[in-house]
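Below: the structure, in structure tokens.
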Amino acid sequence: MKQFTQFTLIFVLFAIGIPCRAEEMSSQEIVAKCFTLYRQTPSEREETQVTVIYEGGRTEQKAFTRWILFDPTGEDKVVIKFRKTDKNNLDEGLGLLISRHIGRKDDQWLKMPSLDKIRKIAIADSGKYFGGTDITFEDARQLVGERTQDFDYKILQSGAEGWEIEALPKTGTESGYGKRIFSIQPDFACTAVEYYDTRGELLKKQENRGIETQANGMWRAKVVVVTSSLLKRTTELTVTAREFRNVDASTFTQDFLLRKG
Amino acid sequence: MKKLLVVAVALGILVPLAFGDEPKFSGELRIFSAAYLDDRTGAEDLFGEIRFLPAVAWQTDYDWFLYIQGDFRLDSENYASGVFDGVEDDGRWIGNLRQAYAEYTEDLFKLRVGKQIFDWSTTDTISPSDNINPRDWVDVAEWERIGVPAIDLRYGDATFWEFVYIPWSTPSKLPAGRWEYDLPPGLVSGGIDGPENDYDQFALRAGTNVSGWDLGASYYHGYSYNPSVSFQPPNAINTEYIREDVVAVSAVGEIGGGVMLRAEAGYFNQHGNNDFVQFVIGADRFWNDVFRTTDELYLLVQYTDEVETKNDNPAAFRIYDFRRAFRRSFMARAQYSFDDTRQWTLKLEGSYNCEDDDSYIQPSVAFRRNNLEIEAGIGFASGPKNTFWGEWRENDRIFIQCTYHF
């Protein structure tokens, strides 16, 4: 009987497999794993078409290229450069360089289209929207890798569809949001994020659509749709090209932001 | 060295053409009009200019990059005449290359050769670190840098060093027409001695980031972009480009609450003119959601002063030196955008000199949508005669500039 019980237990554990282990994971571990899988590449380059749809139907087209350096120690770098489109040339040359740090404030530098110089800008401006989209400076940093040590997490909902996890900034963490809620699939891909202000009002909802998962678990969304309740507009970001090859180190410099073309 | 520069430019142009991707074309068409509010003897009250700035960029798979920007302009005062025929002289050309350079990058190393513009300033308008490019002051309120032929070597990322060699000297374009100086009564112009072309110029710069602060140091050896003015008895004023050595340091960082501090200090050792230490310190901040959602207010306040360390030229006319005219000056810039699309922006900028009691103030409104930008405003200069802005107190004007980007 004892042998039968042991066999049954082992069989059940095998049958349940990963989901069983996932069920036992803490909220922080789930979010950490979500972003660990997201970061399974040393660097990345992606071209994105942006459509901003305003209340009333007016639309604006934009385009940018984003380069990301995923540093194993967390000293990530992100570069965003806007390109011209058929209908919008005013944003061409707008650029942002983010240098993330462990244990101290990140650095960010902005290149305005009208200036041939880079300006270092304050990190305290995190909640500011970037390039007339619904993506803030803070989003541009956090979405390449959540700093899980800076937030308190709580599982709000758990089931076959995955988890809903609340993230609250810890005391001392500078954030433009009072709360975020992640929707994470059982394979740890993030399908949605809700952003709330400090009074608990919903600011915007981000949906990650067309998620593709690679053999090593690395996931990417083909389309990101951010619907802003506050601004009554929607930003659709469609990735038209994505490469995971090594990006040249010179890309993550202020000098690269200044480069024309 | 100069032959090497010519060969490098030729190679830089040929390689991208032979192996490059499809060239990317872009550019601007600008129309600028101004109506002056005061009469000035012998000067027109209306001014108009049309300027076309086409650009082409090639990128190769072999780390080569080529950029050429043309500059074509016509104006009602005929400030521009002639076309590009080498290193720039002291007049504007109707047809010119604003920038034309080839660039090679390998990892964190960059070599750029050709006519280029360097902006090493971290502060606004006045910068002791920014000495390489001459200036176009034909219309003082709309000043800009002029490209110079140079070899630029740079290595690094947040921590970097940079060396720039400038084989030929290029004079600045001095105020013209309504912006030309009135000489003090009884004095006549003794002419302008331009920079000599057999004098090698170079600049060095290094920078790093320490605990969130961008720190920099630079050294410049060459001609001053601002000509020196001196009294030549019995009654002449001589204008001469003189050599100088400038050592400068800079610091930029956040001092809390989203306020950025930008500061520079530089020691100017001028050969045959006064030496001085200039410092500039400024703070700026953005505020969002001030009156409505996603609106943005930007405010910058900056103070400039200097200490003269050696007086070689007692009769120096400091107000004719664009760098030193802002001694004991406050400068401020404010911008308010109604939302994050920046379709409408109100702007206000100005400077006030506490020593000379002269000032300039320019409110304007800017509109942008799709490929079009329009800015309209009023510029007011005031102050006693023989002060920097007081010289142009009859140049109050209404202006409008339309820029089409393609």
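Numbers restart at 1 for each chain; the letters A, B, ... are given by sequence-line order, proteins then strands.
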(request) Using distance alone, with no hydrogens and no angle criterion, decide if A/Ser250 and B/Lys110 have a side-chain donor and acceptor under 3.5 Å apart. (result) no
More than 12 heavy atoms from other groups under 6.0 Å of [atom1] on [X]:
{"X": "A/Arg58", "atom1": "CZ", "answer": "yes"}
{"X": "A/Arg199", "atom1": "CZ", "answer": "no"}
{"X": "A/Lys117", "atom1": "NZ", "answer": "yes"}

Between [X] and [Y], which heavy-atom pair has the shortest distance, and what is it?
{"X": "A/Thr253", "Y": "B/Leu108", "result": "CG2-CD2, 4.0 Å"}
{"X": "A/Asp248", "Y": "B/Asp107", "result": "OD1-O, 3.3 Å"}
{"X": "B/Glu373", "Y": "A/Leu90", "result": "CG-CD2, 3.7 Å"}
{"X": "A/Ala122", "Y": "B/Gly258", "result": "CB-O, 3.6 Å"}
{"X": "A/Lys120", "Y": "B/Asn209", "result": "NZ-ND2, 4.0 Å"}

Distance from [X] atom [atom1] to [Y] atom [atom2], nearest 0.5 Å?
{"X": "B/Asp214", "Y": "A/Trp109", "atom1": "CG", "atom2": "CH2", "answer": "5.5 Å"}
{"X": "B/Asp157", "Y": "A/Asp255", "atom1": "CG", "atom2": "CG", "answer": "11.0 Å"}
{"X": "B/Asp339", "Y": "A/Tyr54", "atom1": "CG", "atom2": "OH", "answer": "7.0 Å"}
{"X": "B/Tyr404", "Y": "A/Asn89", "atom1": "OH", "atom2": "CG", "answer": "7.0 Å"}
{"X": "B/Asn371", "Y": "A/Thr85", "atom1": "CG", "atom2": "OG1", "answer": "7.5 Å"}
{"X": "B/Thr294", "Y": "A/Leu231", "atom1": "OG1", "atom2": "CG", "answer": "5.5 Å"}

Are any non-hydrogen side-chain atoms of [X] and [Y] less than 4.5 angstrom apart?
{"X": "A/Arg119", "Y": "B/Arg262", "value": "yes"}
{"X": "A/Lys260", "Y": "B/Val56", "value": "no"}
{"X": "A/Lys128", "Y": "B/Glu296", "value": "yes"}

Tell me, for [X] versus chain A, whether the close heavy atoms (under 4.5 Å) come from the side chain, the backbone, both or neither.
{"X": "B/Tyr155", "answer": "neither"}
{"X": "B/Tyr67", "answer": "side chain"}
{"X": "B/Asn288", "answer": "side chain"}
{"X": "B/Asp284", "answer": "side chain"}
{"X": "B/Ser121", "answer": "both"}

Heavy-atom proximity to chain B below 4.5 Å, by part of [X]:
{"X": "A/Thr251", "value": "neither"}
{"X": "A/Glu92", "value": "side chain"}
{"X": "A/Arg83", "value": "neither"}

(message) Does this structure show an ion pair linking B/Arg145 with A/Asp116, if we count only N-O contacts that are shorter than 4.0 Å?
(response) no
(message) Under a 4.0 Å threshold between the charged nitrogen and the carboxylate oxygen, would B/Glu103 count as salt-bridged to A/Arg259?
(response) yes
(request) Specify which of A/Lys105, A/Lys84, A/Gln254 makes the most heavy-atom pairs with chain B at under 4.5 Å. (result) A/Lys84
(message) side-chain contact (heavy atoms from CB on, under 4.5 Å) for B/Glu254 and A/Ile123? Distances and angles first, verdict last.
(response) CA-CA 8 Å; B/Glu254 188 178 344; A/Ile123 281 293; 4.0 Å; yes
(message) Looking at chain A, which one of B/Arg342, B/Glu162, B/Arg154 has the largest number of heavy-atom pairs inside 4.5 Å, strictly under?
(response) B/Arg154
